[in-house]
K.L.:
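Mind looking over this structure? Questions follow.
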Amino acid sequence: MIDFVQNTIDGVMIGASYGLLALGFTLIFGVMRRLNLSYGPSIMIGAYLGTLIYVQFSAGPVAVVVMTVLGAVLAGIYVERLCFAPMAASAGIASMVSSFAIWMQLEQAAILILPRHTYPFPPLATGAPLELGPFLLRIDHLMMLACALLLSAGVQYVIYRSRFGLALRAIIGNPVAAHLVGIDVKTSVMLAFAGASAVGGIAGYLVLAIDQQVTPMFGMWATMKGLIAMMIGGLGSIPGAILGGLVLGVVEAHSLWHFGPQVRDLVAYLLLFACLVLRPSGILGDAPAAETSIGRRSA
Amino acid sequence: MLVVSDLVAAYGKIEALKGVSLRAETGRITCLLGPNGAGKTTLMMSIAGILKPRRGSIRLGDTELTGLSPARIVGQGIALVPENRLVFPQMSVLENLLAGAYQRGDKAEIAADVERMYDRFPRLRERREQLAGTLSGGEQQMLAVARALMSRPRVLLMDEPSLGLAPLVVAEIFRIVSELNRDGTTIFLVEQNAHMALQVAHHFYLMEQGRVTFSGSPGQLAEDEVIQRAYLGARRAGG
Ligand SMILES: Nc1ncnc2c1ncn2[C@@H]1O[C@H](COP(=O)(O)OP(=O)(O)OP(=O)(O)O)[C@@H](O)[C@H]1O
Ligand SMILES: [Mg+2]
């Protein structure tokens, strides 16, 4: 029983990072209705720049956070300019395939910057874990959970309560009409992409600060986890992204404890598969998988 | 005054506008009639900046509009009520109106304008929290007009506002068109309903296969002749 609770706690904490990754994914998918496979790799570019200034100049944690987020945003805008902005609205597949090509390019770029396989990443909080009776709560895990909840609430607020959010939902609802009411569609979409990449950058920073190391595989890992969590939670739903991340994290934590690391990843894919078959719209999504609910008034 | 000169617009190789020239006088209602496929929507979308014309010019006063982005054109004081309304389906009526005022910063004035729209279209007040996609066709048309007005346009373009509406609602729309014009808005209207259009218009144009084929005032041509030329095509009717 104690193990069960502890595993669940650990799962929630790790799940929070999946939720954050899914949040950025959801924003891009909700606005563009396209899958950006380069999402994880552009976060990895940010992480590599962060670790570069850490290794070369022993930069402090604030500088590393700023560098990681900034790098992810710049790489995200690069992906948007190259794969998404030039493609016609109907060319969703072209965007997805080209985002895959950019993925490979970004991975190569990371290896060029830092050629060894593994680099250290500065830890976030090294204090002793909190003890709650028999249970342990890591400080960095708690910070991760707090960030996930705060950021998702912030994104929800921006989308449903701000002028910028109104513009994004108008673009989702009808791009031609969005032009007609005077919204600068191109700039708004680019800003949404940048915002999503910033959320991804924060998620990436938190994950790597807990792992204390970064490898070129991080890009693929972030895309996979974010994608699976988004699909489980509900395509295009902001609370769904966080919930999907938490569910994935908890299921993974239990299967890791019972069956070991290989089975953990298998279980994650099984969960995705079961979800796609039984409830294609995800837990909180109310639209079929081809649509999105970010544009709806209440998500 | 909105002046269109020698406008050519094409989709790939198909020229939809083959040198169109016309003008909408300030403070007046100008109407454009023509059969399906004549190029009316193409012209409206070109004025609004959604389509980029191949040649020709569109001027509002001294300002050249061709080449400006749709957002800039809204900034110049032009608003289009598009064909098929194009409301934002997943947003509430109120949010649709607020989106219409997107370029304005004056919060108090926007709120006052929303109230004015509700006074003009009482149905919209009743349904202000309802999602626009669940409104009836007539209600969506009212919303599309109100949304366009929220930008406080000097020139209001309307593309077939009566499309698919019951006669009573059509009459209501035209009553509002006249009212808006009396309040000082210049109106350029595309219509299939020649009867209603000729009742409100000060000036009208006929268009066919991408060309303007007639320009005059409503008294100048008998209504059934207008209808014949507009919908059956001048050549066949005149033949
Ligand atoms: N997106 C498009 N791609 C290719 N051709 C188009 C496109 N839109 C319109 N056309 C063509 O351009 C011509 C003019 O179309 P347009 O929509 O402007 O006509 P319209 O006068 O508005 O007709 P209606 O009264 O039916 O609305 C038509 O021949 C049409 O087939
Ligand atoms: Mg038309």
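Please read these numbers as outputs of a predicted model, since none were measured by experiment. First the proteins, then the strands, lettered A, B, ... as listed; each starts at 1.
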K.L.:
Among B:Ser69, B:Pro89, B:Pro70, who wins on heavy-atom pairs under 4.5 Å with chain A?
P.N.:
B:Pro70
K.L.:
With sequence neighbours excluded, what pairs up with B:Phe188 under the ring-ring contact (aromatic ring centres under 6.0 Å, His included) test?
P.N.:
none
K.L.:
Looking just at side-chain N and O atoms, do B:Arg85 and B:Gln140 make a donor-acceptor pair shorter than 3.5 Å?
P.N.:
no
K.L.:
Could you tell me which residues in residues 43-64 of chain B have at least one non-hydrogen atom under 4.5 Å from a non-hydrogen atom of chain A, sorted by residue number?
P.N.:
B:Met45, B:Ala48, B:Ile50
K.L.:
Answer yes or no on whether A:Arg163 is positioned over the face of B:Tyr102, meaning its NZ or CZ is under 6.0 Å from the six-membered ring centre and within 45° of the axis.
P.N.:
yes
K.L.:
Quick one: do the B:Glu83 and B:Thr41 side chains pair a donor with an acceptor below 3.5 Å?
P.N.:
yes
K.L.:
Could you look at B:Leu98 and say if it's the side chain, the backbone, both or neither that has a heavy atom under 4.5 Å from chain A?
P.N.:
both
K.L.:
Need one label for B:Ala99: side chain, backbone, both or neither, based on atoms under 4.5 Å from any heavy atom in chain A.
P.N.:
both
K.L.:
Would one find more than 12 heavy atoms of other residues, nucleotides or ligands at under 6.0 Å from atom CZ of B:Arg104?
P.N.:
yes
K.L.:
Is there a donor in the side chain of A:Tyr160 and an acceptor in the side chain of B:Glu95, or the other way round, less than 3.5 Å apart?
P.N.:
no
K.L.:
Among residues two or more places apart or on two chains, list those pairs meeting ring pair (Phe, Tyr, Trp, His ring centres under 6.0 Å) that have a residue in residues 54-92 of chain B.
P.N.:
none
K.L.:
Write out, in numerical order, the residues from residues 178-195 of chain A with a heavy atom short of 4.5 Å from a heavy atom in chain B.
P.N.:
A:Ala178, A:His179, A:Leu180, A:Val181, A:Gly182, A:Ile183, A:Asp184
K.L.:
Are any non-hydrogen side-chain atoms of B:Arg23 and B:His203 less than 4.5 angstrom apart?
P.N.:
no
K.L.:
Can you see whether B:Tyr11 engages B:Thr42 through a side-chain donor-acceptor pair at a distance of less than 3.5 angstrom?
P.N.:
yes
K.L.:
Whether the B:Glu191 and B:Ser162 side chains hold a donor-acceptor pair (N or O, under 3.5 Å, no angle test) is what I'd like checked.
P.N.:
yes
K.L.:
Can you tell whether the side chains of B:Arg182 and B:Glu179 come within less than 4.0 Å, N to carboxylate O?
P.N.:
no
